Undergrad: 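I'd like to ask some things about the structure below.
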Amino acid sequence: MRRLKKKIFLGLFGGTVALLGLVRLAFPEVTGGEEAEPSLPVEEPVPPRENSSTTTGVLEFSRGGTDSTARLSRLPLLAQDSAGSVLWHPVRSVPSYLKCFPDVQDVQILAARKWGVRPVRDRKEAEHRRKELVYVGANPFFCIDKGMTHSIPYLVPRASELLSLIGRSYFDSLYVKGIPLHRIIVSSVLRTEDDVARLKARNGNATEQSCHRYGTTFDICYNRYSTVSPPGEPERRTVQSDTLKWVLSEVLRDIREQGRCYIKYEVKQGCFHITVR
């Protein structure tokens with residue numbers, strides 16, 4: 001009798017295990033298992049070409065060493081088509097620089113007076129007005145022109161945030177287009193009264209009513225850029241300035257259309273003249 005019960009029990013147990021196995025094979029979702037999410041790459045790739053795009057992602061940068069070289073620590077996942085090929089955003093530029101960035105002095109000066117500080121007498125006074133002005137001379141998303149002699153790297157907080165936004169957006173746009181990262185170069189920032197006087201003595205066309213006197217305005221070069229290369233690695237491949245300018249113009253157009261700033265395309269000075277709104 002005991003052997004009969006044992007055989008019946010083993011038979012039922014084995015049948016149950018077999019049945020559960022069949023159910024799991026037929027309906028794997030009932031087990032509640034989840035596939036592991038793919039991990040984000042931590043190495044910075046060199047994009048293969050200049051026309052590219054990715055899905056929306058987060059770009060995080062950190063400063064390494066004693067310089068302000070930006071290092072990419074996390075990359076967004078690349079969008080791919082059904083065949084597994086990377087989908088890249090095209091570089092389009094804007095229809096016309098003059099039409100897209102028409103904001104003249106009369107328009108920008110009103111915003112400068114509204115959001116700016118009282119004009120600064122000299123550089124010594126600027127050092128004592130830290131509560132009103134933000135130092136922008138060290139930022140991973142842009143760099144100050146080494147040849148800048150008639151202005152100092154200070155802006156009001158509102159303008160400082162705008163400049164950082166432009167720099168971050170430019171990095172992101174370059175990445176999603178597959179273009180090696182470059183930092184924009186800021187060629188002019190806050191001008192003191194002494195700076196304006198010296199500039200006017202050198203350039204008769206310089207105006208005493210410059211928007212740069214209020215800490216709300218900065219100039220970004222469109223024909224020069226600073227290449228970002230990881231420490232210890234060779235410089236990235238050369239990218240034509242026109243390509244970088246096209247990408248920058250797209251970024252500036254979008255930010256201007258958001259009502260964040262006024263922009264004037266300066267032909268002779270080779271820069272975008274920008275005042276925060």
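As the structure is a computational prediction, the values presented were derived from the model and not from experiment. Count residues from 1 along the sequence.
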Undergrad: In the single-linkage hydrophobic clustering (I, L, V, M, F, W, Y; side-chain heavy atoms under 4.5 Å), do Val251 and Tyr262 co-cluster?
TA: no

Undergrad: Check the orientation of Phe171 and Phe141. Use parallel for under 30°, tilted for 30 to 60°, and perpendicular for over 60°.
TA: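 Ring orientation of Phe171 relative to Phe141: perpendicular.
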
Undergrad: State which residues pass salt bridge (Lys or Arg N to Asp or Glu O under 4.0 Å) with Arg113; sequence neighbours excluded, sorted by chain then number.
TA: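 Expected list: none.
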
Undergrad: Looking at Tyr170 and Leu244, would you say the former's side chain and the latter's main chain have a donor-acceptor pair under 3.5 Å?
TA: yes

Undergrad: Which heavy atom in Arg191 sits nearest to a heavy atom in Ser151, and how many Å separate them?
TA: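 Scanning both residues completely, I find the closest heavy atoms to be CG-CB, 3.8 Å.
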
Undergrad: Quick one: which of Leu190, Leu162, Val276 gives a side chain to side chain contact (heavy atoms under 4.5 Å, CB included) with Phe218?
TA: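 Single pass found, and it is Leu162.
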
Undergrad: Determine, stepwise, if the pair Thr216 / Leu155 fulfils side chain to side chain contact (heavy atoms under 4.5 Å, CB included).
TA: CA-CA 6 Å; Thr216 57; Leu155 290 170; over 6 Å; no

Undergrad: Test: salt bridge (Lys or Arg N to Asp or Glu O under 4.0 Å). Region: residues 256-277. Which pairs qualify, not counting sequence neighbours?
TA: Asp103-Arg256

Undergrad: Taking salt bridge (Lys or Arg N to Asp or Glu O under 4.0 Å) as the definition, give me every residue that meets it alongside Arg123, ordered by chain and number, with sequence neighbours left out.
TA: Asp195

Undergrad: Evaluate the side chain to side chain contact (heavy atoms under 4.5 Å, CB included) criterion for residues Val186 and Asp219: first the C-alpha distance (whole Å), next the side-chain angles of each, then the deciding distance (0.1 Å), finally the verdict.
TA: CA-CA 6 Å; Val186 181; Asp219 294 344; 5.9 Å; no

Undergrad: Check the hydrophobic clustering (I, L, V, M, F, W, Y; side-chain heavy atoms under 4.5 Å; chains of links allowed) and say if Val91 and Val239 are grouped together.
TA: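 Linked, Val91 and Val239 end up in one cluster.
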
Undergrad: If you measure from OG on Ser226 to CD1 on Ile185, what distance do you get to the nearest 0.5 Å?
TA: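 Interatomic distance, Ser226 OG to Ile185 CD1, rounded to 0.5 Å: 6.0 Å.
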
Undergrad: Enumerate the residue pairs fulfilling ring pair (Phe, Tyr, Trp, His ring centres under 6.0 Å) with a member in residues 102-136, sequence neighbours excluded, ordered by first and then second residue.
TA: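 Only Tyr135-Tyr154 qualify under ring pair (Phe, Tyr, Trp, His ring centres under 6.0 Å).
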
Undergrad: Let me check something: do Tyr222 and Ile144 share a hydrophobic cluster, defined by ILVMFWY side-chain heavy atoms less than 4.5 Å apart, either directly or through other members?
TA: yes

Undergrad: Are Leu98 and Val94 linked, directly or through other ILVMFWY residues, by side chains that come within less than 4.5 angstrom of each other?
TA: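 Shared cluster, yes.
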
Undergrad: For Glu193 and Val120, run side chain to side chain contact (heavy atoms under 4.5 Å, CB included): C-alpha distance rounded to whole Å, both residues' side-chain angles, the deciding distance at 0.1 Å, then the answer.
TA: CA-CA 6 Å; Glu193 299 292 90; Val120 180; over 6 Å; no

Undergrad: Find the distance between NZ (Lys245) and CZ (Phe272) and round it off to the nearest 0.5 Å.
TA: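 Those atoms lie 6.0 Å apart.
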
Undergrad: Can you sort out the partners of Glu125 under salt bridge (Lys or Arg N to Asp or Glu O under 4.0 Å), two or more places apart, ordered by chain and number?
TA: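 Applying salt bridge (Lys or Arg N to Asp or Glu O under 4.0 Å) to Glu125 gives Arg118, Arg121, Arg129.
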
Undergrad: Of all heavy-atom pairs between Ala112 and Tyr214, which one has the smallest distance, and what is that distance?
TA: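 Result for this residue pair: O-CB, 3.6 Å.
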
Undergrad: Run the salt bridge (Lys or Arg N to Asp or Glu O under 4.0 Å) test against Arg224 and tell me which residues pass, sequence neighbours left out.
TA: Asp145

Undergrad: Check whether Ser169 reaches the backbone of Ile166 with its side chain - one donor and one acceptor, N or O, closer than 3.5 Å.
TA: no

Undergrad: Minimum heavy-atom separation for Ser187 and Met148, please, with both atom names.
TA: O-CG, 3.4 Å

Undergrad: Nearest 0.5 Å please: distance from the OG atom of Ser249 over to the OH atom of Tyr97.
TA: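 It comes to 4.5 Å.
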
Undergrad: Please tell me whether Phe101 and Tyr265 form a close aromatic pair, meaning their ring centres lie under 6.0 Å apart.
TA: no

Undergrad: So which heavy atom on Ile263 is nearest to which on Gln108, and how close?
TA: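 Where Ile263 meets Gln108 most closely, the heavy atoms are C-NE2, 3.8 Å.
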
Undergrad: Any carboxylate oxygen within less than 4.0 angstrom of a Lys/Arg side-chain nitrogen, looking at Glu250 and Arg92?
TA: no

Undergrad: Looking at Ile255 and Cys261, what are the two nearest heavy atoms and their distance?
TA: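 Taking Ile255 first and Cys261 second, the nearest heavy atoms are CG2-SG, 4.1 Å.
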
Undergrad: Nearest 0.5 Å, please: how far is OG in Ser188 from CD1 in Ile274?
TA: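 That separation rounds to 11.5 Å.
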
Undergrad: Measure the OG1-CD distance between Thr217 and Gln105 for me, rounded to the nearest 0.5 Å.
TA: 8.5 Å

Undergrad: Between Ser160 (side chain) and Val156 (backbone), is there a donor-acceptor pair under 3.5 Å?
TA: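 Checked: no pair found.
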
Undergrad: How close do Ser241 and Tyr225 get, counting heavy atoms only, and between which atoms?
TA: O-CE1, 4.0 Å

Undergrad: What's the separation between atom CG in Leu248 and atom CG in Asn223, rounded to the nearest 0.5 Å?
TA: 11.0 Å

Undergrad: Salt bridge or not between Glu127 and Arg130? Use side-chain N to carboxylate O under 4.0 Å.
TA: yes

Undergrad: Could you tell me whether the side chain of His182 and the main chain of Pro180 form a donor-acceptor pair under 3.5 Å?
TA: yes

Undergrad: Kindly work out whether a path of hydrophobic side-chain contacts (I/L/V/M/F/W/Y, heavy atoms less than 4.5 Å apart) joins Leu163 to Leu165.
TA: yes

